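Have a look at the structure below before the remarks.
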Amino acid sequence: MKPMGSIPADYRGDDGELVIGGQRVSEIVEAAGDTPLFVYDLSIIEARIDRLRTAMPAGLLIHYAMKANPFPPLLTAMAARVDGIDVASQGEMRLALEAGAAPGLISFAGPGKRDREIEAAIGHGITLNCESANEVERALAIAGRLGVKPRLAIRINPDFELRGSGMRMGGRPTAFGVDVADVPALVLHMISEGADWRGFHIFGGSQALDPDALIEAQAATIELCARLATEIGMAPPLVNLGGGFGIPYFPGEAPLDVERIGVALAQALESHAHLLGDTEFAIELGRWLVGEAGVYLTRIIDRKRSHGETFLVTDGGLHHQLAASGNFGTVVRRNYPIAIANRFGADADETVTVVGCLCTPLDRLGDHVGLPMAGPGDIIAVFMAGAYGASASPSAFLGHGPAQEILLGG
Ligand SMILES: *Cc1c(COP(=O)(O)O)cnc(C)c1O
């Protein structure tokens, strides 16, 4: 048997059945009419936001990086509860606007922005987090043509990186952001050309579970901004410190101590208050806010033995939950937490491999996991499905189509 990650503490069973958002899984599935489906519990997201606001320094803005989960009802709920939405394409920008986010609270990062995307953002008064000098020039030219003052921030490629991050995006040659040495001249240039300089955006990495690594990266980010403010002769109006807060997907991983990060961040801000006293700060989080609030439910279609091993074959798979199959940015495949939803809390009886319905051996949702006895008709719950699930999976692959998505408590 191989270990699996821990089920988030937010979930409970009622009479042996998993409850999500106050409803039993059998009720949810019956109302949905079919499996597979993603179920998101807004009350879990609200609890994360409340915890974060309590933990972080007063006045710190909390942004939602919507690529983690762009499901429109969830996005509408987020837009009403956070201080900004970070988008990465014109498609996401459209969804954020439709979800009711105020244009002034939307920022648009990402390499390779096309002219029409830049034009749409500037036209709406959305802040562009510029990834290169060329992008700044194009934004200035487009704004000139539109006759508006563009809101431009610079995304910085920091000269350090987030230790222990699942996905490092700084401190080396990269498509993301402007190298530190080029930043002061570019800021002065955009201001002289009439831009409304909105500050800096610095994103060092993702899925970090070591609070000390995040504390170090935040302190280094604030230090860097103070240094740049001195060089430029002006403090940035806003610094987006990035995020990178991870969640525990796998065995041996523990939830992040955000309270400790908040205390350290308050100290770091305090120690640079003489240079950055009027600067607003934000963090942008995706998976930490929504990842644990989602469960992917899929029904067992077949149970079979092969060469002495038991396989549970489901109606879902990696076309919906690529990350749980271990094929989304992981080197070694490990098991996400999974359970038999209609025997929730029961002891494991056997070791089984849970697979999806796709014709590829990559399609494994649980590899040699210990589960209570189950067979056709029973429902498998795959946890940690609220972020990088439906929208980060190849739903067109093999033609089964996308999964339904449901927001409960919204
Ligand atoms: C993806 C991304 C995020 C969100 O990362 P999470 O790991 O989901 O918190 C934040 N900021 C930027 C710039 C990103 O590209």
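Just so you know, ligand 1 is whichever comes first in the structure, and atom 1 is the first atom listed for that ligand. For clarity, every value in this text was computed on a predicted model and none was experimentally measured.
Ionic pairing of D10 and R48 is present here: one or more N-O contacts between side-chain nitrogen and carboxylate oxygen are shorter than 4.0 angstrom.
Taking any N or O of R287, backbone or side chain, at least one lies under 3.5 Å from an N or O belonging to ligand 1. At least one N or O atom of S206, backbone or side chain, sits closer than 3.5 Å to an N or O atom of ligand 1.
Ring centroids of Y296 and F383 are separated by 6.0 Å or more, keeping the two rings apart.
Distances from atom 3 (C) of ligand 1 to the heavy atoms of K67, E284, H63 show the closest one on K67. Nearest residue to atom 9 (O) of ligand 1 from A68, G286, G243 is G286 (criterion: closest heavy atom).
To the nearest 0.5 Å, atoms CD1 (I261) and CD1 (I283) are separated by 8.5 Å. Once rounded to the nearest 0.5 Å, the distance linking OH of Y40 with CG of L74 reads 7.5 Å.
Only the side chain of A65 comes within contact range of ligand 1, with a heavy atom under 4.0 Å; no backbone atom does. Residue-level proximity to ligand 1 for W288 is absent, since no heavy atom of it falls below 4.0 angstrom.
Within the listing of ligand 1, atoms 13 (C) sit less than 4.0 angstrom from a heavy atom of H201. With ligand atoms numbered from 1 in the order given, ligand 1 contributes 1 (C), 4 (C), 5 (O), 6 (P), 8 (O) to contacts under 4.0 Å with heavy atoms of Y388.
Both tests do not hold together for K67 against Y388: distance to the six-membered ring centre under 6.0 Å, angle to the ring axis within 45°.
Heavy atoms from other residues, nucleotides or ligands lying under 6.0 Å from CD of E280 number 12 at most.
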